[in-house]
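Letters go in sequence order (proteins before strands), and every chain restarts at 1. This is a predicted model, so every value here is computed, not measured. Computed over heavy atoms, backbone and side chain alike; hydrogens, waters and symmetry mates excluded.
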Number of protein chains: 2
Amino acid sequence: MSADLYLSILKNKGYKLTPKRKAVIELFLQENRILAPRDVYRQLEKQIHPLGFPTVYRILEEFSLAGILIPVLSDERLLSYALCRRPQEHHHHFICHSCQRVEDVDYCGIAGAQETIEKKLGCRIDTHLFQLEGICSDCLKNKR
Amino acid sequence: MSADLYLSILKNKGYKLTPKRKAVIELFLQENRILAPRDVYRQLEKQIHPLGFPTVYRILEEFSLAGILIPVLSDERLLSYALCRRPQEHHHHFICHSCQRVEDVDYCGIAGAQETIEKKLGCRIDTHLFQLEGICSDCLKNKR
DNA sequence: CTTGATGCAAATTGTTTGCACCGAA
DNA sequence: TTCGGTGCAAACAATTTGCATCAAG
């Protein structure tokens with residue numbers, strides 16, 4: 001999986017493809033886990049100078065609006081982001097409590113039930129969050 | 001629905017039933033929507049003096065640990081809490097994007113699929129978040 | 001070139017800590 | 001009476017703003 005998919009999405013939405021934006025995508029691809037703004041900053045400043053916190057915050061929010069990143073609450077109740085592996089396709093995520101790794105889940109919790117729920121509550125469902133949490137296969141093996 | 005259920009849960013867990021804790025529960029029952037710490041503080045300080053922010057934070061986290069409140073990310077990416085209407089029973093929530101109201105959803109997204117997903121990913125699923133978001137019936141009527 | 005992207009400093013806001021005092025059980 | 005609960009001040013951390021400069025397209 002390369003960064004090209006995300007870069008083309010950004011390009012289509014009129015964003016400029018700057019080295020920092022590319023680096024953020026590469027970082028999420030490499031780390032494969034949820035990252036808080038400070039995590040992103042700490043990793044990026046190792047390779048990129050200068051770098052400011054506002055830039056990190058701005059990039060993360062833009063990516064979130066572009067559908068590339070999903071905001072999630074971390075265990076420490078800190079705003080974090082998960083990379084959306086297939087931004088075009090509907091899917092959900094499994095987050096490991098031990099290593100924070102994010103994995104795709106094809107199963108959709110609401111499949112087929114949306115209309116039923118809408119009728120029962122009289123509401124209109126626009127989005128849904130289906131997030132699984134536990135211990136991933138690697139951490140289970142390592143008994144972490 | 002009264003506050004008694006929550007108070008008995010807290011009592012069973014060894015918490016003291018103070019006026020402030022009661023007031024927090026009453027507030028969530030009245031407001032029936034997600035509230036950030038600052039929201040709770042602003043409402044409570046109208047009726048309770050003195051009151052400090054640390055107290056609000058401590059109560060919210062305690063209630064979260066006790067299973068009475070669920071931490072959620074608000075639209076503004078701010079840590080907020082939703083009152084768990086039936087702390088003993090497994091269920092999920094619908095959050096209105098317009099008025100922030102929280103409603104119970106009996107349907108469980110993972111029902112029956114947990115084992116399948118665990119086998120596929122090789123992971124152990126401990127918890128899951130299934131949160132529906134959209135516009136509630138009242139807001140639909142009022143075309144808000 | 002043009003306009004969006006970024007750095008920087010500073011302000012603002014959110015959250016936690018330490019400790020003395022208070023009050024529910 | 002005894003701890004857990006709370007206020008307060010202060011520290012700490014997260015996030016945003018304003019503006020001058022930079023660079024992708």
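- Between A:T18 and C:dG4 there is no side-chain polar atom (N or O) within less than 4.0 angstrom of OP1 or OP2.
- Considering only side-chain atoms of A:R38, the nucleotide from D:dG4, D:dA14, C:dT15 that sits closest is D:dA14.
- Nearer the 5' end of DNA chain C, as judged by each residue's closest nucleotide, is the contact made by B:F53, out of B:Y15 and B:F53.
- You'll find the side chain of A:L69 reaches within 4.5 Å of the side chain of A:L83, heavy atoms only.
- Along DNA chain D, the nucleotide nearest to B:E76 and the one nearest to B:T55 differ in position, and the one closer to the 5' end is contacted by B:T55.
- The two atoms that bring B:C108 and B:H92 nearest to each other are SG-NE2, 3.6 Å, heavy atoms only.
- Note on B:K20: every side-chain N or O is 4.0 Å or more away from OP1 and OP2 of C:dG23.
- B:P50 comes within contact range of the sugar-phosphate backbone alone, with a heavy-atom separation under 4.0 Å but no base atom that close.
- Considering only the side chain of A:R21, C:dT6 comes nearest among C:dA25, C:dT6, D:dA9.
- For the pair A:L60 CG and C:dA5 P, the computed distance is 14 Å after rounding to whole Å.
- Counting only heavy atoms from C-beta on, A:K16 has its side chain closest to D:dG25 among D:dG25, D:dG5, D:dG7.
- In terms of position on DNA chain C, the residue among B:L17 and B:L79 whose nearest nucleotide sits closer to the 5' end is B:L79.
- Among the protein residues, B:R58 comes within range of the nucleic acid bases, having at least one heavy atom under 4.0 Å from a base atom.
- Of the candidates C:dT17, C:dT15, C:dG23, C:dT15 carries the atom nearest the B:Y57 side chain, counting heavy atoms from C-beta on.
- Judged purely by distance below 3.5 Å, without hydrogens or angles, the side chains of A:E133 and A:Q131 pair a donor atom with an acceptor atom.
- Atom CD of A:E61 and atom P of D:dA14 are 18 Å apart (whole Å).
- Separating the CG atom of B:L44 from the C1' atom of D:dT6 is a distance of 13 Å, rounded to the nearest angstrom.
- The shortest heavy-atom contact between A:Y6 and A:L29 is CE1-CD2, 4.1 Å.
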